[in-house]
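These notes concern the structure reproduced below.
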Amino acid sequence: MHSIKSLTLDELAGRFADLGEPAYRARQVIEWLYRKRVGRFGEMTNLPAALREKLSAEFDEQPLEVACRTGSDDTTRKFLFRLRDGQMVETVLIPASPALYGEASDRRTICISSQVGCAYGCKFCASGLDGWKRNLDAGEIVDQFLRVEGESGERINNIVFMGMGEPLANYDHLLRAIGILNAPWGAGVGARHITVSTSGLVPRIRDLADQPLSIRLAISLHGATDEVRDRIMPVNKRYPLAELLEACRYFRGRKKQKLTFEFILIKGVNDSLAQAGELGRITTRLDAKVNVIPYNTVEGLSWERPSERVQDAFMEELRRGGAVATIRREKGHDIAAACGQLRLRTLADETAETGGSTRGSEKPVAADAGVN
Ligand code: SAH
Ligand code: SF4
């Protein structure tokens, strides 16, 4: 059964025609879903009862169930969602102030997951620790937005695909979901307020440049040379730096808007002045900007963040050649990073409850959540 939130207005109208229903009924349903934010067919009171029943039989109305939430109003809030097959993904709501891209604004940003697990296996990341499970469908992506708005009572005006998974490895579902999130009849979030982050899938970066929406692109660089990137990001063997930067240049040429490089600073790996200098050159050449993020430690991995002194020296060297760079040290620093960690912990606890885990000593998430 498909989620109704995977369909565009036109597609829904087509499905309604097949069911012998007039097109205005499709518009009514879309209005319930995206204007009135009512997801249950049973509550769509201007639809005839017979139609509501037909719809319930035809479509999955609630693809996501809140398994757990953490955080409070003025902090980062995390939602762990259980999908219809029992898999779990995390979604994060970032409050107004720690603007991801350095502008003071009233943005409320949602960090959305695109896959369960991740196949790319970056050595520093929690999302790939357990391997790749499956792609999310468009309805599951869209519903993260709707459910987080519903649960938090806040309007979200900025979307980043920096949760679990590699969004460009789930390209068709991703673009379908973005289309719905962007549509005036849908969530209505402007394309310039939607950012896709990738570890560097070169052919898909070009595809993204060729499609019509002006969405933003962030590249998880994390190394300014092949030597460093090869060490921590297996994807670099497939698409080495020169190819990646060429695809970035192509994107930049087509979209006329700045790219963002993400660079997590890992002690002894990519925090040298030589890396800072090279990163600065790459950034200015592409007229991009850089977000430097001190590494957020992950349970089970031994990487560490460098000292503030090393971070400062890195930033100074990076900016020396004129690169536009920000460092994210505030409480929100672990936002993107921690996507994936809540899920792993909860999975471990659940396995512990059924007697199978070696990680049963970890604290249950619901206990540190303090809500629900
Ligand atoms: N797969 C995509 C999007 C999800 S990851 C990508 O890699 O771009 C979102 C961001 O969080 C990426 O830049 C990723 O490298 C970063 N990240 C992962 N683990 C982290 C950690 N432990 N500390 C800080 N950032 C981390
Ligand atoms: Fe996957 Fe991105 Fe994590 Fe790499 S950093 S393992 S691509 S989620």
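Counting starts at 1 for both ligands and their atoms, in listed order. Since this is a predicted model, take the numbers as computed values, not measurements.
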Proximity of M162 to ligand 1 by residue part, where a heavy atom lies under 4.0 Å: both
Heavy-atom nearest neighbour in the protein, as seen from atom 1 (Fe) of ligand 2, with distance rounded to 0.1 Å: C118 SG, 2.3 Å
Atoms in ligand 1 flagged as close to S199, the criterion being non-hydrogen separation under 4.0 Å: 6 (C), 7 (O), 8 (O)
Closest approach of any protein heavy atom to atom 3 (Fe) of ligand 2, naming residue and atom: C125 SG, 2.4 Å
No-hydrogen, no-angle side-chain donor-acceptor test under 3.5 Å, E166 and S199: yes
Ligand 1 contact on M164 by region, counting heavy-atom pairs under 4.0 Å: neither
Side chains of T260 and N291, donor plus acceptor under 3.5 Å: no
Residue portion contacting ligand 1 (non-hydrogen atoms closer than 4.0 Å) for F124: both
Pair D137-R84, salt bridge (Lys or Arg N to Asp or Glu O under 4.0 Å): steps then yes or no: CA-CA 11 Å; D137 66 30; R84 42 177 120 66; 3.3 Å; yes
N296: numbered ligand 1 atoms lying under 4.0 Å from its heavy atoms: 21 (C), 22 (N), 23 (N), 24 (C)
Side-chain donor-acceptor contact under 3.5 Å, Q115 with N135: yes
G163 touching ligand 1 at heavy-atom level, < 4.0 angstrom: yes
Sub-4.0 Å atoms of ligand 1 with respect to non-hydrogen atoms of H222: 13 (O), 14 (C), 15 (O)
Distance-only donor-acceptor check, side chains T225 and Q275, under 3.5 Å: yes
Subset of ligand 1 atoms that lie under 4.0 Å from at least one heavy atom of Y295: 21 (C), 22 (N), 23 (N)
Contact partition for C122 relative to ligand 2, non-hydrogen atoms under 4.0 Å: both
Which of the ligand 1 atoms, numbered from 1, are nearer than 4.0 Å to a heavy atom of I264: 24 (C), 25 (N), 26 (C)
Contact check: G165 vs ligand 1, nitrogen or oxygen atoms, below 3.5 angstrom: yes
For S199, atoms of ligand 2 separated by under 4.0 Å from a heavy atom: 7 (S)
Per atom 8 (S) of ligand 2, closest listed option by heavy atom (G117, G165, S113): G165
